[in-house]
Amino acid sequence: MTITAGTTLAPAFANATAVPSGVDVVKQSKIRISVTSDRSNETRNAVLRCQPAGGSHRHAKEACVQLEAADGNLASVQAQQVNAPCTMELDPVTVTAVGRWHGSVVSFEQTYSNSCVLSVQTGAVFDI
């Protein structure tokens, strides 16, 4: 899957809301996250906002903390329990994240062997 900034980011930000006073626009971040089960082709979507934490992401605060620690680099996000056991079941899930982090464009796509591996490696960020 190729993500093109010109065609993908426009719809992601089409419903932008006014920024509350006192919020640093440069630090404000908004990322659209999708998790797709390759086997069932079912997709879950959420919007993660940081600075302040919010959006439709069910663990926004924790996900924002993880992204801050990784300086917005989704490939570098580390979960708390990196050594938790997972089965070797092959039930691939593909995650995508597109948006802005502190004013910079971010784009990420990765396939994990199953949802347990996804959770153990990425923690709250893709737990939508």
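All residue numbers refer to positions in the sequence shown, counting from 1.
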Quick check against the 3.5 Å criterion: does D71 have a side-chain atom that pairs as donor or acceptor with the backbone of N73? no
Derivation and outcome, side chain to side chain contact (heavy atoms under 4.5 Å, CB included), residues F126 and H59: CA-CA 9 Å; F126 294 101; H59 302 292; over 6 Å; no
What are the two closest heavy atoms between A53 and C64, and how far apart are they? CB-SG, 4.0 Å
Y112 and V35: side chain to side chain contact (heavy atoms under 4.5 Å, CB included), yes or no, with the steps? CA-CA 10 Å; Y112 296 86; V35 178; over 6 Å; no
List for me each residue that meets side-chain contact (heavy atoms from CB on, under 4.5 Å) alongside A69, sequence neighbours excluded, and say none if there are none. none
The criterion is salt bridge (charged side-chain N to carboxylate O under 4.0 Å, His left out); which residues satisfy it with R58, sequence neighbours excluded? D127
Kindly say whether A124 contributes a backbone atom to a donor-acceptor pair with the side chain of H57 at under 3.5 angstrom? yes
Does any N or O in the side chain of S34 come within less than 3.5 Å of the main-chain N or O of T96, such that one atom is a donor and the other an acceptor? no
Report the C-alpha distance between D91 and S115 in whole Å, list the side-chain angles of each, state the deciding distance to 0.1 Å, and finish with yes or no for side chain to side chain contact (heavy atoms under 4.5 Å, CB included). CA-CA 8 Å; D91 188 7; S115 58; over 6 Å; no
Check for a donor-acceptor pair, side chain of Q51 on one end and backbone N or O of H102 on the other, with a separation under 3.5 Å. no
Got R32 and N45 here, is their nearest side-chain heavy-atom distance under 4.5 Å? no
Would V95 and T122 satisfy side chain to side chain contact (heavy atoms under 4.5 Å, CB included), going step by step from the backbone distance to the final call? CA-CA 10 Å; V95 299; T122 65; over 6 Å; no
